[in-house]
Protein chains: 2
Amino acid sequence: MRIGQLARITGVKSETIRFYEREGILAAPPRTQANYRDYGPAEEARLNFIRRARDLGFSMARIRELLDLSDDADRSCAGIDALARSHLGEVERKIASLEALRTELGRMIAACEQDTVGDCRIIDALAGTAEP
Amino acid sequence: MRIGQLARITGVKSETIRFYEREGILAAPPRTQANYRDYGPAEEARLNFIRRARDLGFSMARIRELLDLSDDADRSCAGIDALARSHLGEVERKIASLEALRTELGRMIAACEQDTVGDCRIIDALAGTAEP
DNA sequence: ATGCACCTTGTAGTAACTACAAGGTCAAGC
DNA sequence: GCTTGACCTTGTAGTTACTACAAGGTGCAT
């Protein structure tokens, strides 16, 4: 598959795909005899992963770490464990925040259905005590 | 509370707080007689909201919309409903992605505990079919 | 043989910060 | 009373993660 089709399928612009390749987050694919990048389903999956992880607010550095978990098959369990645990913590915090937001949005929609506007506590949904 | 303390409490730099004020996402607070910005708990909550929403990958534009839901008390239920529903959809998609990621990270940690490295399917966790 | 998708390198724009400089005010501590 | 640190302003410039476009070239289908 060429870059244009991969771009259409994943919703990532061709230029962004080449950018990811330059950044080393997406390996340089084989080339056709015409020097076109030739992508397969593995690259498609990896690109979808990157795009979704970015959408979830993970930085490129963090995504690189996550991808390393995937790439370094011959890695020590201790290393994998520590990194996976740290990512798991971040993921769980994000889930908790999003669930609070979901609850509040659901509450507002329900109130609207009964035509009782109600007060909006959407800020409170995410405004728990701060910790970086 | 002055800007420095708010910055310490929320983990948002003073310069970023002023930036949010310039951008109109955080209202200009009252000033002390010394012309210092004077923040209260409401601003703290709003700032925590903004910071967390950014961390979850919401754009400033999207955050502005969410805050509008909170600010415009005298808004039509139809308008609130449509906007809340659209945000709810995005939130639910994000939760689903994060839950897949959580499951896979948990699986890797569990495998490591038994010293059976196992294969990493972390990419598959987020690489479902694409839709922008 | 025309047009479109691809190739390269390079520059520049965007969003959302982040940093720092210059020049000034305010108030607490020595 | 004077220094020090936190604040004020305006302004410029750097960072990350793209996004866009230009110039000049290749491959290939119609």
Side-chain angles (χ1 to χ4, degrees), chain A residues 1-40 43-44 46-68 90 94 126 130 132, chain B residues 1-40 43-44 46-68 90 94 126 130 132:
Chain A
M1 170 199 310
R2 297 191 306 189
I3 201 168
Q5 200 192 337
L6 181 62
R8 272 186 300 282
I9 288 174
T10 59
V12 178
K13 309 242 152 75
S14 297
E15 281 158 327
T16 306
I17 297 173
R18 287 190 281 255
F19 167 75
Y20 286 152
E21 185 181 319
R22 276 199 306 284
E23 294 294 297
I25 210 168
L26 205 57
R31 300 293 184 117
T32 64
Q33 71 276 50
N35 199 31
Y36 290 174
R37 286 171 180 82
D38 190 16
Y39 296 102
E43 282 93 343
E44 183 187 333
R46 193 178 177 98
L47 187 52
N48 274 324
F49 176 89
I50 294 167
R51 173 169 146 278
R52 303 225 163 152
R54 289 284 308 128
D55 181 57
L56 294 167
F58 292 98
S59 67
M60 295 273 279
R62 213 79 164 111
I63 291 170
R64 215 178 287 264
E65 285 180 0
L66 286 164
L67 288 170
D68 283 352
E90 187 179 353
K94 283 182 191 248
L126 288 194
Chain B
M1 173 199 309
R2 296 191 307 191
I3 202 170
Q5 200 193 337
L6 182 63
R8 272 186 301 282
I9 287 174
T10 58
V12 178
K13 309 244 154 72
S14 297
E15 280 158 328
T16 307
I17 297 173
R18 286 190 280 255
F19 168 74
Y20 286 153
E21 186 181 319
R22 275 200 306 284
E23 294 295 297
I25 210 168
L26 205 57
R31 299 295 182 115
T32 64
Q33 71 276 51
N35 198 31
Y36 289 174
R37 286 171 181 83
D38 191 18
Y39 296 101
E43 282 94 343
E44 184 188 334
R46 193 178 177 98
L47 187 52
N48 273 324
F49 176 88
I50 294 168
R51 173 168 146 278
R52 303 224 163 152
R54 288 286 306 128
D55 181 58
L56 294 167
F58 292 98
S59 67
M60 295 271 281
R62 215 80 164 108
I63 291 171
R64 217 178 285 264
E65 285 179 359
L66 285 164
L67 289 170
D68 284 352
E90 187 178 356
K94 284 184 189 239
L126 288 194

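Numbers restart at 1 for each chain; the letters A, B, ... are given by sequence-line order, proteins then strands. What's counted below: heavy atoms across the whole structure, side chains too, no hydrogens, waters or symmetry copies.
- Note that the CD1 atom of Ile63(B) and the CG atom of Leu56(B) stand 9.0 Å from one another [nearest 0.5 Å].
- Whole-Å rounding puts the Ile3(B) CD1 to dT9(D) C1' distance at 12 Å.
- The separation between Leu47(B) atom CG and dC17(C) atom C1' is 13 Å, rounded to whole Å.
- Under a cutoff of 6.0 Å and an axis angle of 45°, Lys13(A) and Phe19(A) do not form a cation-pi pair.
- Between Ile17(A) atom CD1 and dT19(D) atom P the separation is 11 Å, expressed in whole Å.
- Residues satisfying the side chain to side chain donor-acceptor pair (under 3.5 Å) criterion with Glu90(A), sequence neighbours excluded, are Arg62(A).
- Both Val12(B) and Ser14(A) sit near DNA chain C, but only Ser14(A) has its closest nucleotide nearer the 5' end.
- The shortest distance between the side-chain N/O atoms of Arg18(A) and the OP1/OP2 oxygens of dC6(C) is not below 4.0 Å.
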Candidate pair Leu47(B) and Ile9(B), rule side-chain contact (heavy atoms from CB on, under 4.5 Å), full reasoning: CA-CA 10 Å; Leu47(B) 187 52; Ile9(B) 287 174; over 6 Å; no

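- One can place CD of Glu21(A) at 12 Å from C1' of dT8(C), the figure rounded to the nearest angstrom.
- Distance, Arg37(B) CZ to dT25(C) C1': 14 Å, rounded to whole Å.
- Atoms CD1 (Ile63(B)) and C1' (dC17(C)) sit 12 Å apart, rounded to a whole Å.
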Output a table of nitrogen or oxygen pairs between the protein and nucleotides 13-18 of chain D separated by less than 3.5 Å.
{"from": "dA17(D)", "atom 1": "OP1", "to": "Met60(A)", "atom 2": "N", "distance (Å)": "3.0"}
{"from": "dA17(D)", "atom 1": "O3'", "to": "Arg54(A)", "atom 2": "NE", "distance (Å)": "3.4"}
{"from": "dA17(D)", "atom 1": "O3'", "to": "Arg54(A)", "atom 2": "NH2", "distance (Å)": "3.4"}
{"from": "dC18(D)", "atom 1": "OP1", "to": "Tyr20(A)", "atom 2": "OH", "distance (Å)": "3.1"}
{"from": "dC18(D)", "atom 1": "OP2", "to": "Tyr20(A)", "atom 2": "OH", "distance (Å)": "2.9"}
{"from": "dC18(D)", "atom 1": "OP2", "to": "Arg54(A)", "atom 2": "NE", "distance (Å)": "3.1"}

Taking only N/O atoms, report every protein-nucleotides 21-30 of chain D pair under 3.5 Å with atom names and distance.
{"from": "dC21(D)", "atom 1": "N4", "to": "Glu15(A)", "atom 2": "OE2", "distance (Å)": "3.2"}

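- In this structure, Asp38(B) contributes its side chain and Met1(B) its backbone to a donor-acceptor pair below 3.5 Å.
- Contact annotation for Arg31(A): backbone-only contact, meaning every heavy-atom pair under 4.0 Å involves sugar-phosphate atoms and none involves a base.
- At distances below 3.5 Å, at least one donor-acceptor pair connects side-chain atoms of Arg51(B) with backbone N or O atoms of Thr10(B).
- Under the 4.0 Å criterion applied to side-chain N and carboxylate O atoms, Glu21(B) and Arg37(B) are assigned as salt-bridge partners.
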Show your reasoning for whether side-chain contact (heavy atoms from CB on, under 4.5 Å) applies to Leu126(B) and Leu66(A). CA-CA 11 Å; Leu126(B) 288 194; Leu66(A) 286 164; over 6 Å; no

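- Summarising the geometry, the separation between CZ on Arg22(B) and C1' on dA16(C) is reported as 11 Å, rounded to the nearest angstrom.
- Residue Asp38(A) contributes atom CG, which lies 12 Å from atom P of dC6(C) at whole-angstrom precision.
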Between Arg54(A) and Met60(A), does the side-chain contact (heavy atoms from CB on, under 4.5 Å) criterion hold? Intermediate values first, please. CA-CA 7 Å; Arg54(A) 289 284 308 128; Met60(A) 295 273 279; 4.2 Å; yes

